Amino acid sequence: MKFSSIRYLTEQGVENIWKNRMMSFASFCVLLVSLVLVGISILAWQNVSSMIGNVESKNEVIVYLNDNTDQENLNRIEGILRNLPNIASLDFYSKEEAYLALKNRMSDYDVLFESLGDDNPLVDSFRIQIEDISQMSKTISQMESIDGIMNISAPYEFVSFLTQLRTVLTWVMTALIFAMLIVSAVIISNTTKTSVYSRREEIRIMKYVGATNAFIRVPFFIEGMITGFFAGCGALLITWLVYDTVMNILENQATLLNIIGVGSLVTFQQIYLPMTLSYLFGGALIGAAGSAFSTEKYIDA
Amino acid sequence: MKFSSIRYLTEQGVENIWKNRMMSFASFCVLLVSLVLVGISILAWQNVSSMIGNVESKNEVIVYLNDNTDQENLNRIEGILRNLPNIASLDFYSKEEAYLALKNRMSDYDVLFESLGDDNPLVDSFRIQIEDISQMSKTISQMESIDGIMNISAPYEFVSFLTQLRTVLTWVMTALIFAMLIVSAVIISNTTKTSVYSRREEIRIMKYVGATNAFIRVPFFIEGMITGFFAGCGALLITWLVYDTVMNILENQATLLNIIGVGSLVTFQQIYLPMTLSYLFGGALIGAAGSAFSTEKYIDA
Amino acid sequence: MVELKDVSVKYSNGVDALDHVSLKINDGDFAFVVGASGAGKSTLIKLLLKEIDATSGKIIVNGYQLNTLKKKEIPALRRTIGIVFQDFRLISSMTVYDNIAFVLRVTDAPVPHIKKRVPYVMNLVGLQEKAKSYPDELSGGEMQRVAIARALVNDPQLLIADEPTGNIDPELSYEIVELLKSINMQGTTVMMVTHEHELVRRFGGRIINITAGQIAFDEIMEGTDNEI
Amino acid sequence: MVELKDVSVKYSNGVDALDHVSLKINDGDFAFVVGASGAGKSTLIKLLLKEIDATSGKIIVNGYQLNTLKKKEIPALRRTIGIVFQDFRLISSMTVYDNIAFVLRVTDAPVPHIKKRVPYVMNLVGLQEKAKSYPDELSGGEMQRVAIARALVNDPQLLIADEPTGNIDPELSYEIVELLKSINMQGTTVMMVTHEHELVRRFGGRIINITAGQIAFDEIMEGTDNEI
Ligand SMILES: Nc1ncnc2c1ncn2[C@@H]1O[C@H](COP(=O)(O)OP(=O)(O)OP(=O)(O)O)[C@@H](O)[C@H]1O
Ligand SMILES: Nc1ncnc2c1ncn2[C@@H]1O[C@H](COP(=O)(O)OP(=O)(O)OP(=O)(O)O)[C@@H](O)[C@H]1O
Ligand SMILES: [Mg+2]
Ligand SMILES: [Mg+2]
């Protein structure tokens with residue numbers, strides 16, 4: 001194909017957008033909506049997994065040491081613990097700190113502590129954060145074999161809650177993204193099909209005067225690509241607005257934010273580059289591919 | 001219009017579905033997808049609000065009484081509390097019960113209790129459930145004015161977490177349902193418009209031979225209604241499958257279920273009647289209305 | 001009855017298709033409309049159907065004042081007119097039978113009447129065997145005859161035919177014009193656009209010649225057919 | 001060159017449109033094809049374009065064996081043929097200019113050639129002023145002439161015209177046939193379907209009569225035009 005032909009076909013593609021503006025607008029809307037749906041689903045998924053990750057990192061296994069463990073044993077146990085796999089961090093928590101914290105926490109029961117006087121019945125402990133909480137039981141049984149340990153308190157219930165929540169959310173979000181992809185595929189393919197269908201006569205006539213399939217297809221392809229590109233722009237804008245709005249609402253919910261962790265929210269700034277690229281390229285690509293595929297049927301008729 | 005005409009137009013509508021099967025299938029798919037999206041969004045919203053309601057009902061305000069309150073005062077305070085507005089339930093919790101529970105809860109600190117011996121430093125209390133937690137502070141200030149009360153412990157943070165969670169979820173879910181409605185409206189209107197657009201010649205010719213607008217529209221209307229009805233059936237089936245699958249996944253997550261409350265899940269059996277009706281009627285109605293509106297443009301041309 | 005008073009039509013792209021045309025065709029008349037390609041013949045017909053509006057001037061068709069006719073009343077107007085379009089305009093999704101029957105159905109005609117009338121007119125144009133064919137499955141001449149049958153079927157007051165013999169061989173063309181003549185005898189006003197001078201010469205009658213949007217000639221001529 | 005050997009066409013609805021037709025039109029011939037409505041003339045043309053396939057028999061067009069022609073090669077075949085369809089088949093979303101230029105564009109013709117050639121053929125059919133009009137804005141005769149211009153524009157080896165004068169007044173019709181004749185003089189094979197006996201009588205030449213799907217008559221006749 002010569003350059004003049006390519007230029008002509010490109011111009012045709014651009015012109016067709018305006019000539020078939022009703023159809024182009026339909027494709028534009030449908031593509032835009034699909035991109036927004038898929039985009040927001042993915043963003044939601046990112047945020048939710050980041051939140052779960054954040055909440056997970058707050059879990060704590062507490063290793064209580066025997067009463068009156070001396071410094072040497074302390075160091076030995078700390079060394080062994082640090083060398084265990086699956087340990088994210090480890091803090092020493094002396095019995096004095098523990099006592100003060102307990103007193104604070106149980107301020108309703110002041111009487112109780114008054115009766116104790118200066119006596120501190122608590123023990124030293126290590127507070128340990130587990131890396132992969134699904135491997136927690138294994139790590140704990142390794143800890144139990146260490147000498148000089150009185151007791152291990154692990155947040156079994158909390159961990160099982162988190163793993164289950166994650167399972168469910170993974171299911172739900174994966175299903176959501178899949179559903180959105182299917183939904184988008186269905187509506188995009190239907191819209192482009194209808195758009196081409198309404199021009200089947202034109203396509204037939206072009207074939208009668210000797211146009212090759214490629215010659216007929218290229219303008220559709222370009223038309224779809226441009227429409228898709230603009231749908232991508234629109235989708236980007238809408239996603240941005242929606243995302244910003246949701247983030248603003250969240251920011252006013254201090255307690256909630258505190259629990260899920262402020263840092264676990266993905267800000268728009270962090271992702272705007274890959275997002276912009278995916279939207280624009282994705283839009284153009286889907287638009288072009290959709291048109292190209294839908295012409296097939298009427299081109300071979 | 002005579003009966004024979006109505007019969008003829010109805011037959012036309014049915015025939016047209018098959019004659020324009022590509023378009024009918026496109027409308028069917030789009031309507032189905034829209035109904036499923038909106039339906040599942042609403043179901044999700046119902047479940048989430050039922051879960052929040054369930055978690056909310058677990059909140060507790062504890063009213064601690066002065067040490068050694070006698071039975072008479074106890075009855076008096078209970079009477080006053082019961083007469084306060086916004087109280088859902090009220091339970092007496094003796095200091096003996098409290099002590100036992102505390103001991104169980106703090107089994108890690110056995111030493112602490114051993115040092116106390118038989119001495120019970122705790123006090124009697126009422127455990128109160130608030131009806132509307134957003135009105136909690138008002139209710140608590142009313143309680144504070146009662147004689148013989150030592151202290152009130154209210155789950156301020158928990159309540160503010162819940163109210164905030166509810167605000168955010170209400171926003172998100174409302175937005176989701178709205179978005180799905182808009183999405184559906186956009187794609188349905190575009191699909192029906194394209195479907196009618198591809199038959200604009202036919203419509204023009206009908207007008208040339210003296211057909212009234214109603215005469216042209218009725219078959220489109222019936223076509224849309226039937227397509228919509230079947231889309232409703234399909235959507236019902238898909239929603240049911242999806243819902244059932246999600247419920248099955250949830251049922252395997254015992255801890256999670258325990259926290260959100262098994263009873264707070266809406267089972268399909270509870271809602272299948274209104275859902276079936278909404279899907280079928282909704283489908284038929286949207287299909288019919290969509291077609292009727294889209295013909296307008298080409299009918300007046 | 002068709003009456004045009006000083007009617008002009010200027011298309012949006014600036015073409016003056018009709019230029020101060022005045023014309024009267026009485027009930028029961030039979031008129032040939034002739035003229036070069038692009039003279040304005042089809043434009044005249046579009047006006048009578050209120051497919052387009054006159055830029056200026058007044059038009060009365062079968063008692064309807066087209067200038068003031070409301071959109072809602074257009075179907076009523078069109079039901080008094082039977083029309084054969086130059087490009088046929090058959091509904092491609094309907095069979096030949098339904099294309100013709102449709103005209104009766106829009107007027108709420110009783111089903112037994114439809115069942116008798118439609119085969120009758122299909123027979124008139126020689127298409128009884130094509131009842132179940134779709135327009136795509138017809139030859140050019142057959143499509144044209146379906147268009148003629150459709151125009152006849154509801155016994156219109158005014159029958160307008162735009163080149164009804166453009167795709168039909170001469171023998172059949174004579175038959176078609178004779179058919180139109182016989183319908184005219186029964187009281188229907190007939191207006192037939194044609195470029196086949198032979199037909200006009202043979203049948204004679206009122207001949208209206210449109211040239212460049214104006215009426216160049218409007219007279220009654222003797223047909224040669226009567227002599228043979 | 002067109003050659004049909006014992007070709008039959010039976011449409012899916014059972015119509016026998018062509019019945020064991022054998023026919024040869026040599027390069028440089030000019031042939032009129034006549035016959036009653038529904039005789040099978042357009043079917044013959046559809047065959048040559050490979051729009052439909054023969055039920056039996058062999059067809060060769062411009063050296064292409066149509067029976068064994070692959071789908072991919074159809075555009076190449078069609079580019080050697082210029083065709084005027086009975087129903088015009090103009091692309092309604094393109095202007096007159098683009099409808100005609102399109103045929104050159106599909107063959108990758110150089111832009112300067114297009115810019116010279118298209119106005120030239122529009123001039124031949126008298127449509128220079130309608131270059132920017134869309135098909136909807138043309139009269140029947142004008143559309144037909146666009147179709148003729150489109151068929152001429154890429155100087156085809158074989159020119160097929162299906163009723164190219166069905167919507168054109170007699171004067172213009174003569175001009176069109178004379179145009180086709182002069183193109184034929186330059187070496188293009190021309191096959192013209194018509195039902196206007198007057199034209200055939202006047203110009204004469206090879207006349208192929210198709211009746212009920214069979215060749216009833218295939219002879220060369222003297223035209224009256226030469227005598228006048
Ligand atoms: N919709 C339109 N928009 C612009 N110009 C038009 C339109 N329709 C027709 N014309 C122009 O108006 C003039 C008259 O057209 P009309 O169709 O009335 O001619 P006609 O007498 O029927 O010719 P023919 O015998 O070729 O059918 C022509 O020059 C044509 O190009
Ligand atoms: N696609 C089709 N399917 C079925 N039958 C068809 C189809 N096309 C044409 N026919 C039938 O085949 C026969 C020949 O049709 P064709 O179009 O070849 O006639 P023609 O000679 O061109 O007639 P005309 O002069 O009226 O155009 C006709 O009886 C027609 O009804
Ligand atoms: Mg005309
Ligand atoms: Mg034909």
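Note that these values count all heavy atoms, side chains included, but never hydrogens, waters or copies made by symmetry. Nothing here was measured: the structure is a model prediction, and the numbers come from that model. Letters A, B, ... mirror the listed sequences (proteins, then strands); counts begin at 1.
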A.B. asks: Please classify the contact between L32(B) and chain A as side chain, backbone, both or neither, with a heavy-atom cut-off of under 4.5 Å.
C.D. replies: neither
A.B. asks: Does F126(B), at its CZ atom, have more than 12 non-hydrogen atoms belonging to other residues, nucleotides or ligands within less than 6.0 Å?
C.D. replies: yes
A.B. asks: So which part of I62(A) gets closer than 4.5 Å to some heavy atom of chain B, the side chain, the backbone, both or neither?
C.D. replies: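 Contact with chain B involves no heavy atom of I62(A) at all.
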A.B. asks: Heavy-atom count around F28(B) CZ within 6.0 Å, excluding the residue itself: above 12?
C.D. replies: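 Yes, because the 6.0 Å sphere around CZ of F28(B) holds more than 12 heavy atoms from other groups.
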A.B. asks: Under 6.0 Å from the OH atom of Y93(A), do we count more than 12 heavy atoms belonging to anything else shown?
C.D. replies: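 Above 12, so yes.
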A.B. asks: Return the CG to CH2 distance between N248(B) and W171(A), rounded to the nearest 0.5 Å.
C.D. replies: 10.0 Å
